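Note sheet for the following structure.
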Amino acid sequence: MSIIAPGEGAPEFTLKTDQGEPFTREDLAGGTTVLVFYPAAFSSVCTDQFQIYQEVLEDFTGQGATLYGVSCDQSDSQTAFAQSLGVTIGMLSDFEPKGRASRAFGAYFEPTGVSTRALVITGPDQVVTWSWIGEHPGVLPGANLIFDGLSAGAA
Amino acid sequence: MKDLRSAAPPTLREDDHVRGDPGGELVVFYADFTCPRCAVAHDRLTAAGAHVAFRHMALRAKDERALPTACAAEAAAAQGAFWAFADALYADQGHLDDPHLWARARALGLDIDGFDRDRRSPPVAARVQRDTRAALAAGATTTPMLFAGGAVHPGVPDGDYLARLGYDDPVRIPKTS
């Protein structure tokens with residue numbers, strides 16, 4: 001499975017917000033969105049990842065980007081994870097049907113059945129402007145890579 | 001630091017907190033006083049006598065005392081006591097509330113009013129934030145994060161890492177087999 005490439009349109013997908021509402025391709029329209037695919041709420045690497053991104057969340061917002069965490073965890077688990085860290089980054093659940101949206105973006109890790117560690121940036125036209133995937137889910141992309149990606153997408 | 005795009009590995013700055021063998025390989029040590037792994041890393045680097053430049057990587061989502069303790073260490077630095085204060089913080093991470101910080105400052109003979117004023121001052125907050133943002137721009141992803149010889153090392157340094165930098169590992173763990 002390879003991650004969706006820049007220039008490709010975002011696929012049709014449905015994720016669930018922490019309010020139980022659907023979040024779809026339509027919700028990408030009109031803004032810059034960073035989808036942060038991660039394997040598991042409360043795991044150590046994912047904890048490091050969201051603590052780092054939260055630290056510079058205002059910088060992402062300042063560049064007009066909205067971040068969402070995406071995993072196959074159920075929404076309540078995602079919410080508890082975010083609240084335990086004081087993280088305000090929105091969470092989107094790919095729990096049921098499990099991993100369907102992650103697969104659509106090429107961000108599913110079959111060996112362990114989780115969203116893999118990957119990043120996808122989409123522009124206001126719902127087209128992917130930048131993407132990143134780790135060699136394995138344990139590889140953590142620094143916040144600097146997202147800023148590189150936002151810069152590349154704007155060029 | 002406004003630009004958070006990928007930056008080159010950090011090098012020594014004039015206002016870094018530095019100690020250890022000045023002839024040894026410099027380790028830029030990004031750490032947080034609330035982080036247990038950082039305490040272990042701090043102890044190992046100190047015991048090895050490594051040439052260390054300490055910088056803050058104080059993430060607000062990591063621990064609510066990350067920022068206050070970092071600022072307190074900078075306030076101690078204003079009175080020439082950065083390392084003594086840092087050692088005292090790492091020696092007892094179970095006591096990092098304000099009364100515990102005052103107790104450490106008193107034990108080190110610091111002026112408490114000045115210490116309290118400085119640790120809440122905008123320049124100190126800016127210094128800590130500068131360090132943290134520089135760490136993130138350099139690709140830091142966890143605490144501690146060590147930069148030496150152009151390479152990055154996440155987590156606690158082990159004996160092999162110290163040996164590659166030319167330092168003895170004073171707390172070498174004996175092999176069990």
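Just so it is clear, the structure is predicted and the values come from calculations on it, not from any experiment.
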**Report entry** Members of residues 25-44 of chain A whose heavy atoms come closer than 4.5 Å to chain B
**Finding:** none

Query raised in the report: If you round to the nearest 0.5 Å, how far is CG of Leu59(B) from CZ of Phe50(A)?
Result: 14.0 Å

Query raised in the report: Within residues 113-129 of chain A, which positions have a heavy-atom distance to chain B below 4.5 Å?
Result: none

**Report entry** Transitive ILVMFWY side-chain link Trp83(B) to Leu26(B), under 4.5 Å
**Finding:** no

Report summary line: Partner of Thr141(B) under side-chain contact (heavy atoms from CB on, under 4.5 Å), picked from Val45(A), Leu145(A), Asn144(A), Ile52(A), is Ile52(A)

Report summary line: dist Asp3(B):CG -> Ser151(A):OG (nearest 0.5 Å) comes out at 7.5 Å

Query raised in the report: Is chain A contacted by the side chain of Thr132(B), its backbone, both, or neither, given a heavy-atom distance below 4.5 Å?
Result: side chain

**Report entry** Beyond-backbone contact of Gln54(A) with Arg60(B), side-chain heavy atoms, under 4.5 angstrom
**Finding:** no

Query raised in the report: Within a reach of under 6.0 Å around CZ of Arg5(B), are more than 12 heavy atoms found that belong to other residues, nucleotides or ligands?
Result: no

**Report entry** Close side-chain approach of Asp48(A) and Lys62(B), heavy atoms under 4.5 Å
**Finding:** yes

Query raised in the report: Looking at CG of Leu4(B) and CD of Gln63(A), how far apart are the two atoms once the value is rounded to the nearest 0.5 Å?
Result: 8.0 Å

Query raised in the report: If you check every heavy atom in residues 79-90 of chain A against those of chain B, which residues fall under 4.5 Å?
Result: Leu85(A), Val87(A)

Query - Proximal to chain B - members of residues 5-24 of chain A, heavy-atom separation under 4.5 Å - result: none

Query raised in the report: Should Phe33(B) and Phe115(B) be counted in the same cluster of Ile, Leu, Val, Met, Phe, Trp and Tyr side chains packed under 4.5 Å apart?
Result: yes

Query raised in the report: Would Thr142(B) and Gln51(A) count as a side-chain contact (heavy atoms from CB on, under 4.5 Å) if you check the C-alpha gap in whole Å, the side-chain angles of each, and the deciding distance to 0.1 Å?
Result: CA-CA 9 Å; Thr142(B) 189; Gln51(A) 287 171 335; over 6 Å; no

